[in-house]
Amino acid sequence: MKVLNFGSLNIDYVYTVDHIVRGGETISSEKTETFPGGKGLNQSIALARAGVPVYHAGAVGEDGEMLLELCRANGVDTRFIRRTEGRNGHTVIQVDRNGQNCILLFGGSNQKQTKEHIDEVLSHFEAGDMLVLQNEVNHLDYLIDRAWERGMVIVLNPSPFDDKLKACDMTKVAYFLVNEVEAEQMTGESDPGKQPERLLEAYPGGKFVLTMGSRGSMYKDSLQEFHQDIYKVNAVDTTAAGDTFTGFFLAAILEGRPIPEALDEAARASAIAVSRPGASSSIPTVEEVKNF
Ligand code: RIB
């Protein structure tokens, strides 16, 4: 079984601030740093550091060479990443004194996916192979439909949640990895305790992983349900904590390990990630997770 992640690669411009700037307010930043990021790239790095051979597909812009190099340095297969004209996708991220963030996204190269490239990439994969998706690239609906026709196992992290997802046939998704905000946007239910049930009602064939910040995470499908607490650490930067969770959870599932073990491993990995600055830079290796 092969694993393909078709997703974004961003350059994250990160500003350390006392508090997240409010509308009409101007504040000074104490520090600025540039990190590789993007939900797609972060999840591919997390899968690779968790020991999974992964192919990444997508597009980088003229300033995106360092993202390709980072993928290669981590053993991510980059043969399906195209180079495009113009700027790479990027973000402006504020991180406050509690490690909380807010993210402004510019799509750039990530919004230049073509149906021809999607068809060409998917032609290298077959029934039973896994496709990992987030919502930072265009043609997500087309990706889901074509992958489903091939019998691929589709994993969706519907983040960031927006109207484009309404065009997607989410009944074709096998695994959903969502946080409580996305779960509310998908179901209208604001109580995280009730969200897994509402998600299952909406998509009865799905398997759901719900991350709930300091309240831990939940897994639910039509047969079973589990809860996992967080591992408490000093939070420096929560960016990519969810992506780290996704990569390590999927890695454990791909190894055929029980769901509670997968949740535990993912919780350890994301605890390490929040204790470090940056997005993909904060993702631990499998050895670090085992020793945590
Ligand atoms: O999930 C974190 C990621 O979201 C950041 O790396 C940023 O690029 C945004 O895509």
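Each ligand, and each atom within it, is numbered from 1 in the order the structure gives. Numbers here are sequence positions counted from 1.
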Under the ring pair (Phe, Tyr, Trp, His ring centres under 6.0 Å) definition, can you give me all pairs with a residue in residues 256-292, not counting sequence neighbours? Y231-F292
Which atom pair, heavy atoms only, marks the closest approach of A241 to A273? CA-CB, 4.5 Å
Residue list, side chain to side chain contact (heavy atoms under 4.5 Å, CB included) with D191, at least two apart or on another chain: E189, K194
How about H124 and Y55: are their ring centres within less than 6.0 Å of each other? no
So if I only count non-hydrogen atoms and take anything under 4.0 Å from ligand 1, which residues does that give, chain by chain? N10, D12, G37, G38, K39, N42, T91, I103, E136, T239, A240, D243, A279
Within the 3.5 Å criterion, strictly below it, is a donor on N5 or Q134 matched to an acceptor on the partner's side chain? yes
Can you sort out the partners of T238 under side chain to side chain contact (heavy atoms under 4.5 Å, CB included), two or more places apart, ordered by chain and number? Q100, N101, V274
